[in-house]
Amino acid sequence: MAATYNHKSVEKKWRGRWEAHPINVNDGRKPKYYCLDMFPYPSGSGLHVGHWRGYVISDVWSRYKMLHGYYVIHPMGWDAFGLPAENYAIKNGVHPKISTAQNVANIKRQIKDISAVYDWDMEVNTTDPEFYKWTQWIFVKMFKAGLAYEKEMPINWCPSCKTGLANEEVVNGCCERCHSEVTKKNLKQWMLKITAYADRLLEDLDQLDWPEKVKKMQSDWIGRSYGAEVDFKVEGTDKAITVYTTRPDTLYGATFMVLAPEHVMAKELATDETREDVENYIYRASTRSNIDRMQDKEKTGVFTGSYAINPLNGAKVPIWLSDYVLADYGTGAIMCVPAHDDRDFEFAKKFSLPIIQVIAKDGREIENMTEAYTEASGTMINSGEWNGMESSVLKREAPAMIEKMGYGRKKVNYKLRDWVFSRQRYWGEPIPIVHCPDCGCVPVPEDQLPVLLPEVEKYEPTGTGESPLAAIDSWVNTTCPCCGKPAKRETNTMPQWAGSSWYFLRYVDNKNKEELVGKERASQYLPVDMYIGGVEHAVLHLLYSRFYTKFLHDIGVVDFDEPFKKLFNQGMINGKNGVKMSKSMGNVVSPDDLIEDYGCDALRMYELFVGPPEMDAEWDDRGIDGVRRFISRLWNLIQDSAAAPAAETADMIKLRHKMIYDITARLESFSLNTVISGFMEYTNKLIELAKRQGGIDKETMDTVVTLLAPFAPHAAEELWETLGHEESVFENNQWPQADEEAMKDDALEIAIQVNGKMKGKVTLAVDADRDTALAAAREALGSRYPENAIKEIYVPGKIINIVAK
RNA sequence: GCGGAUGUGGCGGAAUGGCAGACGCAGCAGACUCAAAAUCUGCCGGUGGUGACAUCGUGCGGGUUCAAGUCCCGCCAUCCGCACCA
């Protein structure tokens, strides 16, 4: 009897071997496959079993690709700048540089326990000056391309994090990071013109093999709409108000106009009678928080006292103010067609404004309208020369017609805003700009990068809208790179997302001092073939990365313009009752103890076994016993047979090929939980068959061990060695091939139903004809065969169904 | 409000329209043991029946089909995303 499975000694042995003899080497002949994990930020609490899941999935996939003969690029690094690291440092009174280094060391130890095939020579850290030199370099390039600009405007401000935020970082009016309510603050900000890439970011989604959900989230976030701007003259003045509409076909139905309270003309439209009400309304709107404004669905508004003239028919329409119109979308003013827009309808009802229908639904006007008819489908009525046209056609053609008539112009709008890029925090990349009184904003020359983040005593955020860096006079005061006169450094830092927007490019050439990434390496190893991580970055990191990659493509750094060909979002692992794992809930399960007790291989397999990889799962320690027992059973089977393999039998060959087929198909469809159950199922069958025929043959054992290798690499290597192989199972590079001929059964057990209900079974030859099958069914059911059968269904290989009255 | 996902035993979950509950956990019984652990064997949705079996059963209500967890229509619940974007 061979030694029982001892995960500690086996795993220690093979970890040592792999370190001495790496198994994933680039021999220059293999094709490459780039399998990337979303890199972690080194938090102080370390990894829990939920983080592990994604890393296990990517490692299984990487090893699977290795076994197909690929050189797999599988790197790991640290997203170490940004708020989490800094907040952790502040809370614990340690400099972020020190705490970050400690956390990296701890998490690296934990990640090494996964025994993934990470290539640590490729490691990057976003806080390394050799790395952020290039983060700054990209900013300088964007500045030179006119894509980075400074602007003073009211931006989203998190009073708790004491910094400005990008739109993408505000979730339901709250800070994405700390969930405090976000306020507005007027600040001079660096902005990145991501809107210049809006069309490409939208249209190129089509070519990506990404989850539809993520593509839709990005496409909704970009929010492109087609319509027209229409100019309405203000009665009695020579001024005009421009509105944006996606429904210019309904222009004849405009019975009033609404401006956002923040609209520049809001105040001047007030008359003597309305001035007090108008100013009150504007004031009240300015003091209401975003959250109030979102929760309060009841429409409010005030009449300005002024009228606008519909250019098409000269109709006089009252101009109102209401906070349901957003100041920063379109022109901040809308024309209102209550008959064909829900919000306008509600407003018109509340303030008793006229409603004119201009689209006939089903050929006639709607009587006693109780809700707006919002579809662009029907014949135009009450619309002058447009009468009789089809609304859907007019909707498409009206922008051009209006432009031709001189009343406005075609217009495409986006929800996407430019990216607020300044952070008033210490722990980030300094923005490499010098402010010169004479020359203005001057980028730091590329050969002087990086602009090092200075050491400071006080790195807590100030809350004043200035970064802590502003207090370091010796650092702030510098000379202008352009004219040499005294000048001041930009003191804001970049957001957390800056480094992560391009880190995946650096892995493949992380020691290059001359270039962000060398041309040759870039074209050889990039882009990423498979990207694995959580769905929470759908419109943050994943949108920013695409933007950066497109920009780097445009300036000739890389020759592709989409970074991640395929994306997989793994589900979260929660604690009991679906509660998110967190320190404060005290329900965090650390992988460390589980590895100690059950072994890395068992934990790897259990991480997959808990459920479909794309779905959330509740962690329950107890289940890991089952996986551990499975490994032991398979271990014993092979250890016992390895010394004296049995001869091949027809049954064993058939079982082997079925196993190859099933495991491979499930792997290819990423159904990793059923791969594990498949292993258990087939192992049980192998054990049973081996028992019956006195052993298992060599080729079947080799096959099982190879299939197992991506999942339980240590156990697989040990068994592979036991089977007499000298090289690593991964150096064998042979994923088993299923022979479909060899899998075929000549007889099948099929079910017999009566009226669709299972009544019995019968074993039939695969090619049994109808008469044979029905005769067999009749015999099998005996007296239970219905006498009044009216129809007999026989689907070869599937079913017999007797239909009876 | 709009969009998407999910809903199956005590639990996690499995089922190209064709035997619902694979696989595993937990549980029960047995073997081994002085005993326990480990391991092995068997049972394991509800109801009725000693039993062969019968009957109900995949969130709810309809429908299509010889046959529906699966397809279609209408609901409900939970979760996620968006949320006055004109």
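Sequence lines set the chain letters: A, B, ... in the order given, protein chains first and strands last, and positions in each chain run from 1.
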Atom pair distance, as rounded to whole Å: NZ in A:Lys685 and C1' in B:rC23
11 Å
Roughly how far, to the nearest 0.5 Å, is OG1 of A:Thr246 from CG of A:Asn413?
9.5 Å
What distance, rounded to whole Å, do you find between the two C1' atoms, one in B:rC19 and one in B:rG4?
34 Å
Considering only atom C1', compute the distance from B:rU16 to B:rG12 and round it to an integer number of Å.
24 Å
Regarding A:Lys759, tell me which of base, sugar-phosphate or nothing describes its non-hydrogen contacts under 4.0 Å with the strands shown.
sugar-phosphate
What do you reckon, is CD of A:Glu371 surrounded by more than 12 foreign heavy atoms closer than 6.0 Å?
no
Could you check whether A:Lys685 makes a cation-pi contact with A:Tyr682, meaning its NZ or CZ is under 6.0 Å from the centre of the six-membered ring and within 45° of the ring axis?
yes
A:Asn673 vs B:rG24: side-chain N/O to OP1/OP2 distance below 4.0 Å
no
RNA chain B base-pair string [pairs: Watson-Crick or G-U under 3.5 Å; |: paired with another strand]
(((((((..(((.....[....))).(((((.......))))).((((....))))..(((((..]....))))))))))))....
Whole-Å distance separating the CG atom of A:Asp625 from the P atom of B:rG12:
18 Å
Assigned chi class of B:rG9 under the 90° convention is syn
A:Tyr324 six-ring centre to A:Lys299 NZ/CZ under 6.0 Å and within 45° of normal
yes
Counting any heavy atom closer than 4.0 Å, what does A:Asn755 reach on the DNA or RNA strands: base, sugar-phosphate only, or nothing?
nothing
Would you measure the distance from the P atom in B:rC44 across to the matching atom in B:rC23 and give it in whole Å?
12 Å
Checking all strands, does A:Glu618 fall into the base, sugar-phosphate, or nothing category for heavy-atom contacts under 4.0 angstrom?
nothing
Selected nucleotide, minimal atom distance to A:Asn172 side chain, candidates B:rA14, B:rA20, B:rA83:
B:rA83
Starting at atom CD of A:Glu212, determine the distance to atom P of B:rU6, rounded to an integer number of angstrom.
14 Å
Closer than 4.0 Å, any side-chain N/O of A:Tyr324 to the OP1 or OP2 of B:rA86?
no
Atom P, compared across B:rA36 and B:rA31: separation rounded to whole Å:
11 Å
What is the separation between atom CD on A:Glu792 and atom C1' on B:rC66, rounded to the nearest whole Å?
11 Å
Does A:Arg778 count as lying over the ring of A:Tyr785, i.e. NZ or CZ under 6.0 Å from the six-ring centre, within 45 degrees of the axis?
yes
On a whole-Å scale, what distance lies between the C1' atoms belonging to B:rU58 and B:rU6?
14 Å
Using a heavy-atom cut-off of under 4.0 Å over every strand shown, decide if A:Asn801 touches base, sugar-phosphate, or nothing.
base
Base, sugar-phosphate, or nothing: which does A:Asp344 touch, judged by heavy atoms less than 4.0 Å apart?
nothing
Say whether, by atom type as modelled, one donor and one acceptor occur between the side chain of A:Asp745 and the main chain of A:Val766 under 3.5 angstrom.
no
Kindly list each side-chain donor-acceptor pair under 3.5 angstrom involving residues 748-760 of chain A, sequence neighbours excluded, with atom names and distances?
from     : atom 1 : to       : atom 2 : distance (Å)
A:Asn755 : OD1    : A:Ala804 : N      : 2.9
A:Asn755 : ND2    : A:Ala804 : O      : 3.4

Just by distance, do the side chain of A:Asp220 and the backbone of A:Gly223 share a donor-acceptor pair under 3.5 Å?
no
Within this structure, what is the CD-to-P distance between A:Gln753 and B:rU65, rounded to whole angstrom?
17 Å
For A:Glu536 and B:rC79, what is the distance between atoms CD and P respectively, to the nearest whole Å?
19 Å
As a test of reading the structure: which of B:rC66, B:rA20, B:rC84 is closest to the side chain of A:Lys299, going by heavy atoms?
B:rC84
Supply the atom-to-atom distance A:Leu208 CG to A:Gln218 CD, rounded to the nearest 0.5 angstrom.
8.0 Å
Please state the P separation for the pair B:rG7 and B:rC72 - nearest whole angstrom.
15 Å
Spacing of the C1' atoms in B:rA67 and B:rG17 (rounded, Å):
8 Å
For the P atoms, the ones on B:rC32 and on B:rG46, what distance do you get once it is rounded to whole angstrom?
30 Å
Verify the contact: side-chain N or O of A:Ser632 to OP1 or OP2 of B:rU39, cut-off strictly under 4.0 Å; return yes or no.
no
Per atom distances to the A:Glu749 side chain, the nearest of B:rC19, B:rA86, B:rC82 is B:rC19
Reckon A:Arg784 has a side-chain N or O less than 4.0 Å from the OP1 or OP2 of B:rA54?
yes
Applying the ring pair (Phe, Tyr, Trp, His ring centres under 6.0 Å) test to A:Trp619, which of A:Trp52, A:Phe609, A:Tyr606 qualifies?
A:Tyr606
What nucleotide, of B:rC66, B:rG18, B:rC84, holds the atom closest to the side chain of A:Val803?
B:rC66
Length of the CG-P vector between A:Leu608 and B:rA14, whole Å
13 Å
In whole angstrom, what separates A:Phe609's CZ from B:rA26's P?
12 Å
Which sits closer to the 5' end of RNA chain B, A:Val795 or A:Ile334, going by the nucleotide each is nearest to?
A:Val795
Taking only the side-chain heavy atoms of A:Arg629 (C-beta and beyond), determine which of B:rC19, B:rC25, B:rA86 contains the nearest atom.
B:rC25
Can you figure out which of B:rG13, B:rG81, B:rC23 approaches the side chain of A:Met217 most closely?
B:rG81
Presence of A:Lys798 side-chain N/O under 4.0 Å of B:rA67 phosphate oxygens OP1/OP2:
no
OP1 or OP2 of B:rC11 less than 4.0 angstrom from a side-chain nitrogen or oxygen of A:Arg622, does that happen here?
no
Name the residue closer to the 5' end of RNA chain B, choosing between A:Tyr414 and A:Asp616 according to the nucleotide with the nearest heavy atom.
A:Asp616
So, is A:Arg633 close to the B:rC23 phosphate, meaning a side-chain N or O under 4.0 Å from OP1 or OP2?
no
Does the B:rC66 base have a donor-acceptor partner in the side chain of A:Lys791 within less than 3.5 Å?
no
Categorize A:Phe630 for me: base, sugar-phosphate, or nothing, with a 4.0 angstrom heavy-atom threshold over every strand shown.
nothing
Drop me the distance from A:Met335's CE to A:Ile319's CD1, to the nearest 0.5 angstrom.
14.5 Å
Which nucleotide sits closest to the side chain of A:Val325: B:rG13, B:rA86, B:rU41?
B:rA86
